[in-house]
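Some notes on the structure that comes next.
The structure presented is a predicted model; accordingly, all values stated were derived computationally and were not measured. A note on names: the letters A, B, ... follow the listed sequences, proteins ahead of strands, and every chain is numbered from 1.
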There are 2 protein chains.
Amino acid sequence: MYTMDDNCTVYKTMDFISKKWTLLILLELFKGGKDKKRYSEIKDKMEDITPKVLSERLKELEKEGLITRKVDASQFPVKTEYSLTEGGRDFIPIIRQMKIWALKWKPHNEVCESVDCENCDL
Amino acid sequence: MYTMDDNCTVYKTMDFISKKWTLLILLELFKGGKDKKRYSEIKDKMEDITPKVLSERLKELEKEGLITRKVDASQFPVKTEYSLTEGGRDFIPIIRQMKIWALKWKPHNEVCESVDCENCDL
DNA sequence: CCGGATCCTCTGCGATACTG
DNA sequence: CAGTATCGCAGAGGATCCGG
């Protein structure tokens, strides 16, 4: 007999990525091939996310080691830039697998009908 | 220039699986190699889920085509059994990828230190 | 008894405004 | 520009109830 263990690595990982917006932020940081993106740049692309939640998720992702945050205060206005860490980049293939799964099993539309559509860069 | 599109297949999939408990329920239905599991059986294994949320998630998963629900009213008490569909089973490798990722990048413990630990059957 | 539904509470998300 | 502060609401958690 087994029971779901709170301490299980998989359990904790799934609980972490099951927070709203988390995966989409990871994907947004990956898209376009840029290694750094600014707070406002992320926010502008993800139209429906609120500044509070974006801020919360970025902190969580940093704490979990998936992204890094760098502040350039040498000039004004101050620039804050976010990048994927190696571990964060290594999560992208999992998101790609989700897309491949979705293309196979879910009805899809013209916006996103191929694996390499420009909408999500996957 | 691109913007996150609500209609995007990937967007919708990520939004769907990003609901609390969804992935854990899928995993629970996979574990142990049984093809069917009863409501109470799932609930007992996932100690912290409440009957309300379990019921909601099972309905969503059924609607999304990942699981099926069969009621056996031929005897008493009535049995309700849930199984993974082909599409649902095809999602398990993605969860396995998450575990592999977690084992590589996150500190893990004795409960779950190998890919084939009996705790999650992945 | 089993598989939920119902009621209530409380945390998390959303919307808007504002600041160093 | 990059976030906080404040408030309101929907969805998750807890306990109990109920029809078959």
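- A salt bridge links B:Glu28 to B:Lys31: at least one charged side-chain nitrogen sits closer than 4.0 Å to a carboxylate oxygen.
- The side chain of A:Arg57 places an N or O atom within less than 4.0 Å of a non-bridging phosphate oxygen (OP1 or OP2) of C:dC13.
- Counting non-hydrogen atoms under 4.0 angstrom, B:Phe76 reaches a base of the nucleic acid.
- In this structure, the CG atom of B:Leu58 is 8 Å from the P atom of C:dG4, given to the nearest Å.
- Shown here for B:Arg57 and B:Lys20, the closest heavy-atom pair between the two residues is NE-O, 2.8 Å.
- OP1 or OP2 of D:dT4 has at least one side-chain nitrogen or oxygen of A:Ser55 nearer than 4.0 Å.
- The phosphate of C:dC2 has neither OP1 nor OP2 within less than 4.0 Å of any side-chain N or O from B:Thr80.
- B:Trp101 contributes a side-chain N or O that, together with a main-chain N or O of A:Gly87, makes up a donor-acceptor pair within less than 3.5 Å.
- Of the candidates C:dT16, D:dG13, C:dC13, the closest approach to any side-chain atom of A:Lys19 belongs to C:dC13.
- Of the candidates D:dG3, D:dA15, D:dG13, the closest approach to any side-chain atom of B:Trp21 belongs to D:dG13.
- Contact record, A:Lys36 with A:Ser83: CG-OG, 3.6 Å, taken as the closest heavy-atom pair.
- What separates CE of A:Met46 from P of C:dC13 is a distance of 13 Å, to the nearest Å.
- Taking atom CZ on B:Phe16 and atom P on D:dG11, their separation rounds to 15 Å, with Å as the unit.
- Close to D:dC1, at under 4.0 Å from its OP1 or OP2, lies no side-chain N or O of A:Arg38.
- Atom-to-atom, CD1 of B:Ile42 to C1' of C:dC2 comes out at 13 Å; the value is rounded to the nearest Å.
- Mapping A:Val78 and A:Lys59 onto DNA chain D by nearest heavy atom places A:Val78 closer to the 5' end of the strand.
- Closest contact between the side chain of B:Pro51 and the listed nucleotides D:dA15, D:dA2, D:dG13 involves D:dA15.
- When distances run from any side-chain atom of A:Tyr39 to the nucleotides D:dA2, C:dC2, C:dG14, the shortest one goes to D:dA2.
- Under 4.0 angstrom from either OP1 or OP2 of C:dG4 there lies at least one side-chain N or O belonging to B:Tyr82.
- Checking A:Ile67, A:Val53, A:Leu54 one by one against A:Ile25, the side chain to side chain contact (heavy atoms under 4.5 Å, CB included) holds for a single residue, A:Leu54.
- For C:dG14, the base has a donor-acceptor partner in the side chain of A:Lys52 [N/O atoms by modelled type, under 3.5 angstrom].
- If you take NZ of A:Lys45 and P of D:dA2, they are 14 Å apart, rounded to a whole angstrom.
- A straight line from CG of B:Leu54 to P of C:dG3 spans 11 Å, rounded to a whole angstrom.
- Taking atom NZ of residue B:Lys43 and atom C1' of nucleotide D:dG13, one finds them 12 Å apart after rounding to whole Å.
- Relative ring orientation between A:Tyr39 and A:Tyr82 is described as tilted, the plane-to-plane angle lying within the 30° to 60° band.
- Residue B:Glu41 contributes atom CD, which lies 14 Å from atom C1' of C:dG3 at whole-angstrom precision.
- Nearest to the side chain of B:Ser40, among D:dT4, D:dA2, C:dG3, sits C:dG3.
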